[in-house]
Amino acid sequence: MPEGPELHLASLYVNKMCEGVVFSGAVRKSEVSKSPDVPFTCDAYRITATSRGKEVKLTLTPMKSDEPKQRAKAGQAVQPMDIVFRFGMSGFFRFTGEDELPKHAHLRFYSKEKPCRVLSFVDARRFGSWHPNGTWQAGRGPCIMFEYESFRENVVSHLSDRAFDRPICEVLLNQKYFNGIGNYLRAEILFRLNIPPFVPARAVLESLESEDLFGNQKPVKNEISDTKKKAAKSGVKQETADLLRLCHTVPLEVVNLGGKGYDPQKADYSGFEAWLQCYYVDGMKSIRDHNGRTMWFNGEAGPLAPKDSKSPKAKKRAKKEDDHDYTDKKKAARSRSESTAKKKVKQEGVTKTPKKEKEAGSTRKKTEKTREINTPQRETRTNARTRKSSSAETTAGPKRQNVRGTR
DNA sequence: CGTCCACGTCTAC
DNA sequence: TAGACCTGGACGG
């Protein structure tokens, strides 16, 4: 559940599932977890959640009592407690019966009912963490989704920061400025603007203005959206002007998909999978960035691309450097807003699909065969996607939404 | 069986 | 700028 959209969806999930539920007793932690104990015990309390970028905050609120003093004496909580969570690579919340706790449920809140139910923070890899009596982590910037104006201002007013010396794709993962952007979002955002991932960040951002002069059509929910009539300078570069705005709108698209966002294990993953245009999409290229993270993109990598075999895996794969001819035959959708359509593919074997593409665009086939067949001739598909995914069952459930044309 | 890969931070050389 | 921190699914032999 890791990027901004998933964290926000998690907060919506908690609020929906826990609405009207009365929790009771102590908060329990698994034996194996290294995160701190949560010193909160209360006979009756509620749980609500909010999110900001890549963090979720749960608020435990004791229910009103006629004898607060007595309760305090008994060691019962009187004041609300906030717990801030980071999800690492695999964290999420789940509300289940006490007898069906998920594996890796490392922090649990028990309801007061007879057959009680439990809100669990589940995290298989344990890279996630929680902080009792915590606050939003200092150093993380404003939320890209719900603090858009301040997020934008924070970036535009700090372009002299050395942090912007780096490639734009790496800067997009800097949570001090892009709180909520993660690996799939950076790929999707840069892809839509056709911005080479390894271009100096400052060069891409410095032409932007502190205020969003382009996206006024749609009011930015949650923020002042006051009518900035300032006529947009006709000379400003539209493409760059869109970058910060896309850092806001693209994540919100995921929230509005209604699913759970990135979660290959879930049945409703197909909707999200269909939404992806670049990340892990068959036919796209990928390289390991300077931090070892896989950057998915299309077209040029950009001048700051890691030299030679920078990727650990690339080395191993390098052995199979036979390919060439990765002519994406299925990529007939690259009709994005092309401003400069110059194809000056210069980079050599730096990119390619990390996995062996010996098998014509294989990577994750298998289930695809079937899938393609099942896929309605929606022809105009923006992209031919091919991933494994467990959602194979077309129509896994009655709630399958029609494959809405992306967008 | 083993290797590679994954939605992210953290902190030690 | 490397590891470290973890589990588990996909895939290869």
Side-chain angles (χ1 to χ4, degrees), chain A residues 1-10 30-35 51 53-56 84-93 102-106 122-131 136-141 144 165-167 170 172-176 178-189 250-251 254-255 257 259-266 269 272-273 275-276 278-280 286-296 306-307 310-320 353-359 362-368 386-392:
Chain A
M1 288 218 117
E3 302 183 27
E6 289 76 22
L7 277 280
H8 182 64
L9 288 167
S30 72
E31 281 301 313
V32 66
S33 176
K34 292 175 182 172
S35 278
S51 75
K54 256 181 254 185
E55 296 184 304
V56 164
V84 173
F85 292 78
R86 258 159 258 146
F87 285 10
M89 295 285 265
S90 56
F92 64 93
F93 281 107
K103 194 176 180 183
H104 306 300
H106 299 303
V122 186
D123 183 12
R125 299 181 69 180
R126 276 179 273 151
F127 289 174
S129 64
W130 60 79
H131 308 268
W136 299 128
Q137 187 176 227
R140 297 191 77 104
I144 50 167
D165 290 352
R166 323 200 45 121
E170 292 172 18
L172 286 176
L173 292 187
N174 185 337
Q175 303 300 297
K176 178 177 180 181
F178 297 87
N179 189 7
I181 298 297
N183 208 26
Y184 79 71
L185 284 173
R186 69 170 179 172
E188 295 299 311
I189 291 167
V250 173
V254 177
V255 170
L257 282 179
K260 298 188 186 63
Y262 189 171
D263 190 348
Q265 306 311 120
K266 294 304 177 180
Y269 179 60
F272 175 78
E273 179 180 40
W275 174 84
L276 291 173
C278 178
Y279 183 79
Y280 237 110
S286 68
I287 327 180
R288 292 307 193 97
D289 66 16
H290 294 287
N291 298 308
R293 299 271 255 147
T294 302
M295 178 65 220
W296 289 86
K307 290 308 167 190
K310 179 65 186 73
S311 59
K313 131 190 333 49
K315 291 178 187 171
K316 297 194 173 186
R317 299 303 171 198
K319 302 162 80 288
K320 304 175 178 297
T353 301
K355 294 187 170 296
K356 52 0 277 338
E357 64 259 323
K358 331 163 40 50
E359 309 284 308
S362 66
T363 304
R364 276 111 204 280
K365 284 288 187 179
K366 286 287 194 301
T367 26
E368 272 52 276
T386 338
R387 305 175 111 215
K388 31 83 18 89
S389 107
S390 50
S391 61

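Note on naming: letters A, B, ... go to the chains in the order of the sequence lines (proteins, then strands), and numbering restarts at 1 for each one. This is a predicted model, so every value here is computed, not measured.
Listed here is the closest heavy atom pair of A:Met295 and A:Ala187: CE-CA, 3.6 Å. Heavy atoms only, all atoms of each residue included: A:Arg125 and A:Ser90 are closest at N-OG, 3.0 Å. Between A:Gly4 and A:Lys54, the shortest heavy-atom distance links the atoms N-CG, 4.0 Å. Taking each heavy atom of A:Pro5 and A:Leu185 in turn, the nearest pair found is CD-CD1, 3.6 Å.
In this model, the phosphate group of B:dA6 is approached by a side-chain N or O of A:Thr294 to a distance below 4.0 Å at OP1 or OP2. Taking 4.0 angstrom as the limit, A:Lys103 places a side-chain polar atom (N or O) nearer than this to OP1 or OP2 of C:dG8. Look at A:His290 and you won't find any side-chain N or O under 4.0 angstrom from OP1 or OP2 of C:dA2.
A distance of 12.0 Å separates CD of A:Glu273 from OH of A:Tyr280, quoted to the nearest 0.5 Å. Taking NZ from A:Lys103 and CG from A:Asp123, the interatomic distance works out to 13.5 Å, rounded to the nearest 0.5 Å.
C:dC5 and B:dC13 are spaced 12 Å apart, taking the P atom of each and rounding to whole Å. B:dC10 sits 23 Å from C:dG8 when the C1' atoms are compared, rounded to a whole Å. Only the P atoms considered, C:dG9 is 23 Å distant from B:dT9, to the nearest whole Å. The separation of B:dC4 from C:dG3, taken at their P atoms, amounts to 15 Å, rounded to a whole angstrom.
Between A:Phe85 and A:Phe93, the ring planes are perpendicular. Angles over 60° get that label, and only those under 30° would be called parallel.
One can place CZ of A:Phe178 at 15 Å from P of B:dG8, the figure rounded to the nearest angstrom. The distance between atom NE2 of A:His104 and atom C1' of C:dG8, rounded to the nearest whole Å, is 8 Å. Nucleotide C:dG8 holds its P atom 11 Å from the CG atom of A:Asp123, rounded to whole Å. Rounded to an integer number of Å, the gap from A:Arg126 CZ to C:dG8 P is 9 Å. Atom CD of A:Glu170 is separated from atom P of C:dT1 by 9 Å (rounded to the nearest Å). One atom, CG of A:Asp289, and another, C1' of C:dA2, lie 13 Å apart when rounded to the nearest Å. Following rounding to the nearest Å, A:Tyr280 (OH) and C:dG9 (P) show an atom-to-atom distance of 15 Å. A:Met89 has its CE atom 15 Å from the P atom of C:dG9, to the nearest Å.
For the side-chain contact (heavy atoms from CB on, under 4.5 Å) with A:Glu6, the qualifying choice from A:Val255, A:Val56, A:Val254 is A:Val254, the only one to do so.
Looking at the side chain of A:Arg166, the nearest of the listed nucleotides C:dC5, B:dG8, C:dT1 is C:dT1.
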TODO: Please step through side-chain contact (heavy atoms from CB on, under 4.5 Å) for the pair A:Arg140 and A:Arg86, ending with a clear verdict.
DONE: CA-CA 12 Å; A:Arg140 297 191 77 104; A:Arg86 258 159 258 146; 3.9 Å; yes
Task: A:Arg186 and A:Asp289: CA distance, side-chain angles, deciding distance, salt bridge (charged side-chain N to carboxylate O under 4.0 Å, His left out) verdict - done: CA-CA 12 Å; A:Arg186 69 170 179 172; A:Asp289 66 16; 3.0 Å; yes
Between the protein and nucleotides 9-13 of chain B, list the N/O to N/O atom pairs that are separated by less than 3.5 angstrom.
{"from": "B:dT9", "atom 1": "OP1", "to": "A:Arg140", "atom 2": "NH1", "distance (Å)": "3.0"}
{"from": "B:dT9", "atom 1": "OP1", "to": "A:Arg140", "atom 2": "NH2", "distance (Å)": "3.1"}
{"from": "B:dT9", "atom 1": "OP2", "to": "A:Lys54", "atom 2": "NZ", "distance (Å)": "2.4"}
{"from": "B:dC10", "atom 1": "OP1", "to": "A:Arg86", "atom 2": "NH1", "distance (Å)": "2.5"}
{"from": "B:dC10", "atom 1": "OP2", "to": "A:Gln137", "atom 2": "OE1", "distance (Å)": "3.2"}

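Consecutive pairing runs in DNA chain B reach the stem threshold at B:1-6 with C:7-12, B:8-12 with C:1-5, where a stem means at least three Watson-Crick or G-U wobble pairs with distances under 3.5 Å.
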